[in-house]
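The next block holds one structure in the form of structure tokens; read it before the comments.
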Amino acid sequence: MRKLSTRRRHPLAGIVVLLLALGVVGGVYSAVRFQPASAAETASQNDVDAGRKLFLVGCASCHGKNASGIETKRGGNYGPSLIGVGAAAVDFQVGTGRMPMAQSAPQAPAKDPEYTAEETKQLAAYIATLGAGPAIPDDEYTDISGKTIEQIREGGEFFRTNCTACHNSVGAGGALPGGKYAPRLDGVSAKHIAEAMMTGPQQMPVFSDDVITPEDKSNIIAYIKQVQNQPNYGGMAGGGLGPVSEGLFTWLIGIGGLLIAAIWIGAHGARVKKK
Amino acid sequence: MSDELDQLTDAEPIKDPGLPAHQHRPTDVDPAQELRAERQITGMFTVASLLLIGFCVAYIMIDKDQTFLGWSAMNFTLGATLGGALLLMGVGIIQWAKKLMGDDEMVELRHPAASTAEERAATLEDLNAGINESGFGRRPLIRRSLFLSMSFLALPTVIMLRDMGPLPYGHKNTVWKKGMRVVNDVAGTPIKPSDLQVGQLVNAEPAIMYEKDKDGEAVLHGTELLQEKSKAAVIVVRMKPEAITPSKGRENWGIDGILCYSKICTHVGCPISLWEQQTHHLLCPCHQSTFDLADNGKVVFGPAHRPLPQLPLALDSEGYLIAVSDFPEVVGPSYPELARDQKRLDDKS
Amino acid sequence: MSTVDERTNIEDTEFGKKAAGPVGWLDDRLGLAGASKRSHLLRKVFPEHWSFMLGEIALWSFVVLLLTGTFLTFWFQPSMAETTYNGSYTPLNGLEMSHAYASTLDISFDVRGGLLIRQIHHWAAALFVAAMIVHMLRVMFTGAYRKPREINWLIGISLMVLGLVEGFAGYSLPDDLLSGTGLRFVDGLLRSIPIVGSYLEYFIFGGEFPGDVIIPRLYMVHILLIPALLLALIGAHMILLVYHKHTQWGGPGRTEKNVVGYPMLPVYAAKAGGFFFVVFGFTALMGAVLQINPIWAYGPYNPSEVTAGSQPDWYMGFVEGAVRIMPNWESTFFNYTWSWNVFFPAAVLPGLFLGVGAAWPFIEQWITGDKREHHLLERPRNAPFRTAFIVAAMTAYGVLWIGGGNDIIATKFHLSLNAITWFCRIGLFVLPVVTFMITKRICIGLQRADANRILHGYETGVIERSPDGGFTERHAPLPVGSQYSLTNHDRLPVLEAPPETDHNGVAAPHSRMAKLRAKAREIYYDGSVDKPTVEDVHHAEEHLRDHDGHPVELGDEFQGVSESGVPRVH
């Protein structure tokens, strides 16, 4: 203890205390933070009723009992109104694990879904009854099996015009202001990509069927899948991040490797005393 | 300065002990080691030859479409055999130098970079002789007129560059004009307000980019199309009308919250379409200039200075979105005459 | 065993007899033997140190670039005329694009090994500039640019500038979405040049952006103009290197008046020649397993398309960063628009970096007043101001790099784009000062440690307990060779205020300049620790003897560590 007290005026003492305090606060926060309710309810006969129940338990605290949203004192949205967002929005948000949110953040990240496929369907069915909105897309959007070269090319043009600015030319994602981001597109199902275009989740704009037709949407999805499934012809691709990762490779692998060679060439080598 | 320093060098605290005695390498004293190194190096050169043959075999045998580890098999095999062979040859040669070539360090004396005084004097004498015999110093008229003609040689050199491009003729309008439809990029389809939901973004172009002349040829194509696109590309967005705070004179530039802005960043001209539908901010992916589309395209962050130009919208008789006029502001990156051109545009309207 | 006793004269060998005819024929006409003898070219001595090989990485990368580049020209078509793609890469099949882009796709997918050559070319280009920077840092940190090598330093700076332009021209040629975006930036940069900007834009692009001449023009610049200049300057760089003879590290027997090392023939011919194969082989392996610039993924250039993560190649990253973090200053006066937000970061700042770099040897010479030739390298710690200055410049460069990749950093590390930009805006001015101070302190600390090791020996790791219970660590003197190496550098000059008046009591001419220079010299040498004097060493030897009571001799029983810190085996 005496040691501690003699060092309290050490120049680094303030920093140490600050770090300790931060650690404690962080630990307490992560221990007590909001744990989303586990959806243990069993499905009732009626999807809508079951969905309503799920909603009241898991969603109403942010979106309001009537799903009309809760406004904060400053006029912002605690949780936005869900009336008229449609089944597609629910299927996307819940099906990709973005909802329910684990904690307040600039943007809800994709994670493992909290609800089963059945429960997601029930929630979607309930929200769809509140107001007209886009339905969960069918094969017209998501079936990309028989796409021709022309259709994929067309999809590519739509993709580069409408999507790459945020999501990057190979769907590696990109940055948005203030810690938000456009997510990666690999491993995202065709259905979820179509739903995102139809509903415009979070900061993403809407690309409605009247402007980007269902066929255009399926072409875009076909192009994304084509680009992501084709080989990286040239070798390891560095995450599709372009010149930044290439620069990193240049320095770490290129200069790093040749520096080792230079050190080897310049080394004096083993010597013996005798002779 | 240098005199002081020269004196100081005499007072070195430690005297130079001279070059240390030569120490031999294991390969110099141990025949077994020497043989081993020899075999090692020969082995590397032999494997390199085999790899180079492998390169040719791969070139002939491997199909272009074959893959390996999700990479092009051709690229990998050719690169690995060629790279491996070259690397082995390089390492072998260096190893030869390190292990087996002469190992005695040599000492070479340095000389000052400068020539000796005699050399300088001799050269100077030659120079003087040459200059005197030429009369270069004695005939200023000739000398100066030569210099004059030499400097005039720069004139044709520079003037020849004149035809590298046309002179800039001030602000050039974009292809937008009164009544031109706003059409969806790629598809070329016209847009009705009812097609757009709140939060919608449409990457759009002027209809002329998809028009064909009577022979069925596109009106704009090739370089011309790219030049016009790099000025006329637009984005159409729809917000809640109450979210928009139009500045004076812009109140009727939109239709039910539908606004149209230039897609070309006012910083260095990247096409800009990262629209956040909730904040109404538009971000440029190149240098992160951020514009507020609900607030007349005002710059809210980043290196761009001028707000994003807005295109006034109206509806035609069939209910499709059309432009009311060309952009009332200069689009694209700034240039020196911009202030003048903008003034001219302002005067016109 | 040793080569010396087996020495055979080349003219007696079978090969020598065969070669004698042609070689004689050549010498009859060129007199090469005389030229070689006069300059001792074949047995020219090069000192050995790993850091002397860094420039060679750049040299050999350049040779790789020439070889692979020549290959690429056989197929590349530098034309912006429109064509319809019908090659092997199906997702772009039937798309309208320029011949430049289509032929690059053909090289990548329809020419066997074309993709490999393209990737080797691109990796070698990235390495060429990186190696130039590493080499330049070595030269700066060790003071190798000092007299008589200032001209070679300037040639090096010119090579660096040309390398940057050459790289950027190459990046622009394929006419894919990324290179087109880069050209769009160049267009914006040209426009931002005060008063003549629009004229430059129209002359260079042949009219409005993008026009149809920029790629053919850049192609000429990329494959003829700049490579020729690079080749000529590299030649001059090498000739001066041979003439000045390489610098060397000080040490026993290595002085300002000699150069100690291995002869060019055979040792350095083999080591350098072997290194060429290593560099070529290494870039080929990189081309085999690391994808670079997948132009097919970006699509053809279209002014209304862009991709997230649009960046230039790394060597333009510092410019990109400066452009990104620059505040949006633009002003209008004299009826002209002045775009500081582009012109300053993209044109003035790189000029500042290179200008200060080019002028540095002369600035330093002015400050120190040192007009002597220097062939022994200076250890970075023995020039604390210089070392700290370089580190500060590197820090600023690094902050700009971070700025240039701010979007990638934001997504990869879940940070706010805007916060990174603000960090860079402030860090660009604060961090170099901080690293300058830290580096200088570290250098001075190391100088002190050196002086200690000379005067008090090195720590053996042997702890002794005295009769009265105290513990001490036994020190042992360094070998004389190591001691000499540590002291083999210039003593600090005596700093004097310049005389205010001359001998006659009249105010001295240029006194203001002299004062400024005296002040600069004071700052330059501030805090530096001088090496021990002869008296210091004598005194310390006596002290060491008095203190321990017995001369420090380390016998066979000794179990401490050696002078290099390695535990002795017993």
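Naming convention: chains lettered A, B, ... in sequence-line order (proteins, then strands); numbering from 1 in each chain. Heavy atoms only: backbone and side chains are in, while hydrogens, waters and symmetry mates are out.
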Chain A heavy atoms under 4.5 Å from [X]: which part of the residue, side chain, backbone, both or neither?
{"X": "C:Val289", "answer": "backbone"}
{"X": "C:Leu290", "answer": "both"}
{"X": "C:Ala297", "answer": "both"}
{"X": "C:Phe46", "answer": "neither"}
{"X": "C:Leu116", "answer": "neither"}
{"X": "C:Ile57", "answer": "side chain"}
{"X": "C:Ile292", "answer": "both"}
{"X": "C:Tyr315", "answer": "neither"}
{"X": "C:Tyr262", "answer": "side chain"}
{"X": "C:Gln311", "answer": "both"}
{"X": "C:Leu285", "answer": "neither"}

Sub-4.5 Å side-chain heavy-atom contact between C:Asn93 and A:Glu150: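 They are not in contact (no side-chain heavy atoms under 4.5 Å apart), so the answer is no.
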Check residues 166-179 of chain A and write down every donor-acceptor pair under 3.5 Å in which the side-chain atom is one partner and the other belongs to a residue at least two apart or another chain.
unit_1	atom_1	unit_2	atom_2	d
A:His167	ND1	A:Pro183	O	3.0
A:Asn168	OD1	A:Val170	N	2.6
A:Asn168	ND2	A:Gly240	O	3.0

Proximity breakdown for A:Glu154 and chain C, heavy-atom pairs closer than 4.5 Å: neither
Portion of A:Ala182 that has a non-hydrogen atom of chain C nearer than 4.5 angstrom: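 A:Ala182 has no heavy atom closer than 4.5 Å to chain C.
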Name the option with the most non-hydrogen atom pairs under 4.5 Å to chain A; the candidates are [options].
{"options": "C:Ala130, C:Gly405, C:Ala410", "answer": "C:Ala130"}
{"options": "C:Gly299, C:Ala126, C:Gly94", "answer": "C:Gly94"}
{"options": "C:Pro91, C:Ser310, C:Gly309", "answer": "C:Pro91"}
{"options": "C:Ile420, C:Leu127, C:Asp407, C:Thr90", "answer": "C:Leu127"}

Going by atom type alone, with no hydrogens or angles, which donor-acceptor pairs under 3.5 Å involve a side-chain atom of residues 244-252 of chain A and a protein atom two or more places apart or on another chain?
unit_1	atom_1	unit_2	atom_2	d
A:Ser245	OG	A:Gly238	O	3.1
A:Ser245	OG	A:Gly242	O	3.1
A:Glu246	OE2	C:Asn293	N	2.8
A:Thr250	OG1	A:Glu246	O	2.8

Value rounded to 0.5 Å, distance of CD in A:Gln230 from CH2 in C:Trp296: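 Those atoms lie 8.5 Å apart.
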Pairwise distance CH2(C:Trp50) to CD1(A:Ile260) - rounded to 0.5 angstrom: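 It comes to 11.5 Å.
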Any donor-acceptor N/O pair, C:Gln291 side chain to A:Ala237 backbone, under 3.5 Å: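 No, because the side chain of C:Gln291 does not come within donor-acceptor range (under 3.5 Å) of the backbone of A:Ala237.
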Short side-chain to backbone donor-acceptor contact, C:Thr307 and A:Ala165, under 3.5 Å: no
Which of A:Asn162, A:Ile263, A:Ile152 touches chain C most, by non-hydrogen pairs under 4.5 Å: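 Going by pairs under 4.5 Å, I would pick A:Ile263.
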Among the listed options A:Cys163, A:Ala222, A:Gly234, A:Gly235, the residue most often paired with chain C at heavy-atom distances under 4.5 Å: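 Looking at each of A:Cys163, A:Ala222, A:Gly234, A:Gly235 in turn, A:Gly234 comes out on top.
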Where is the tightest heavy-atom contact between [X] and [Y], given as atom of each residue plus distance?
{"X": "C:Lys271", "Y": "A:Ile265", "result": "NZ-O, 3.2 Å"}
{"X": "C:Tyr298", "Y": "A:Arg160", "result": "O-CD, 3.4 Å"}
{"X": "C:Phe275", "Y": "A:Leu258", "result": "CZ-O, 4.0 Å"}
{"X": "A:Ala262", "Y": "C:Met53", "result": "CB-CB, 3.8 Å"}
{"X": "A:Tyr181", "Y": "C:Thr411", "result": "CB-CG2, 4.0 Å"}
{"X": "C:Leu54", "Y": "A:Leu259", "result": "CD2-CD1, 3.2 Å"}

Derivation of the side chain to side chain contact (heavy atoms under 4.5 Å, CB included) call for C:Phe109 and A:Tyr233: CA-CA 9 Å; C:Phe109 291 102; A:Tyr233 297 99; 3.5 Å; yes
